[in-house]
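Here the structure is laid out as structure tokens; the discussion comes afterwards.
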Amino acid sequence: MTIRQMCAAFDVTARALRFYESRDLLAPLRRGQQRLYGRRDRARLTLIVRGKRFGFSLEQIRQLLDLYEPSNRNHAQTEAALAVARARLADMEAQRRDLGLAIAELNDLIAIAERQIAASAPEKSN
């Protein structure tokens with residue numbers, strides 16, 4: 001696939017692809033100025049995009065990609081991915097709890113402010 005095709009297929013920018021390439025996460029073939037992405041790059045980009053969506057750092061993603069070993073059925077990669085995923089899930093659940101508390105507090109603040117405004121509003125005459 002060309003860079004344009006990759007961008008369309010994965011909903012990423014050319015800049016993002018070049019960035020991932022500069023970080024050695026992707027290694028497209030070069031034909032002059034043209035980049036050609038093979039099956040390996042597409043599989044890696046799938047994991048990069050998914051990892052970014054889950055909030056994994058690029059370093060975590062790199063470490064997981066580096067563990068790819070098809071002859072061992074990717075056992076080490078799968079175990080490492082599971083550990084990172086569990087840690088990230090715990091972080092996300094904590095963030096959700098914190099966000100729930102902040103939302104409840106903000107709703108209380110809004111209700112108090114609305115009551116104060118209603119109580120201090122001048123009476124309307126008919």
Let me see the working for T78 and R73 under side-chain contact (heavy atoms from CB on, under 4.5 Å), right down to the final yes or no.
CA-CA 9 Å; T78 303; R73 297 179 66 191; over 6 Å; no

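- Interatomic distance, CG of L36 versus CG of D41, reported as 10.0 Å (0.5 Å rounding).
- A salt bridge between R30 and E21 is present, with a side-chain N of the basic residue lying under 4.0 Å from a carboxylate O of the acidic one.
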Side-chain donor-acceptor distances from residues 4-18 under 3.5 Å, at least two apart:
residue, atom, partner, partner atom, Å
Q5, OE1, T2, N, 2.7
Q5, OE1, T2, OG1, 3.4
T13, OG1, A16, N, 3.0

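- The shortest non-hydrogen separation linking A85 to F56 is CA-CZ, 3.9 Å.
- Rounding to the nearest 0.5 Å places CG of L26 at 11.0 Å from CZ of F19.
- Rounding to the nearest 0.5 angstrom, the gap separating the CZ atom in R35 from the CD atom in Q33 is 8.0 Å.
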Candidate pair L65 and L25, rule side-chain contact (heavy atoms from CB on, under 4.5 Å), full reasoning
CA-CA 8 Å; L65 290 172; L25 296 172; 4.1 Å; yes

Give the C-alpha distance, both sets of side-chain angles, the deciding distance and a yes or no for side-chain contact (heavy atoms from CB on, under 4.5 Å) between R62 and L58.
CA-CA 6 Å; R62 174 197 318 288; L58 277 183; 5.8 Å; no

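- Within a 6.0 Å radius of CZ in R96, no more than 12 heavy atoms belonging to other residues, nucleotides or ligands are found.
- Residue Q34 holds its CD atom at 5.5 Å from CZ of R31, rounded to the nearest 0.5 Å.
- The CZ atom of F54 sits 14.5 Å away from atom CG of D91, with the distance rounded to the nearest 0.5 Å.
- Placement of L67 and Y20 in two distinct hydrophobic clusters is found when ILVMFWY residues are connected by side-chain heavy-atom separations under 4.5 Å, directly or transitively.
- The cluster map of Ile, Leu, Val, Met, Phe, Trp and Tyr, joined by side-chain heavy atoms under 4.5 Å apart, puts L45 and Y68 in different clusters.
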Compile the donor-acceptor pairs under 3.5 Å between side chains in residues 98-111 and protein atoms, sequence neighbours left out, one pair per line.
residue, atom, partner, partner atom, Å
N107, ND2, I103, O, 3.4

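- I61 is connected to V49 through a chain of hydrophobic side-chain contacts under 4.5 Å among Ile, Leu, Val, Met, Phe, Trp and Tyr, so both are in one cluster.
- Nearest heavy-atom pair across Q77 and L64 is NE2-O, 2.9 Å.
- Going from atom CZ of R97 over to atom CE of M92 covers 12.5 Å, rounded to the nearest 0.5 Å.
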Please evaluate residues R115 and I112 with respect to the criterion side-chain contact (heavy atoms from CB on, under 4.5 Å), reporting the C-alpha separation (whole Å), side-chain torsions for both, the decisive distance (0.1 Å), and the verdict.
CA-CA 5 Å; R115 284 193 302 270; I112 290 167; 3.3 Å; yes

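- At distances below 3.5 Å, at least one donor-acceptor pair connects side-chain atoms of Q60 with backbone N or O atoms of S57.
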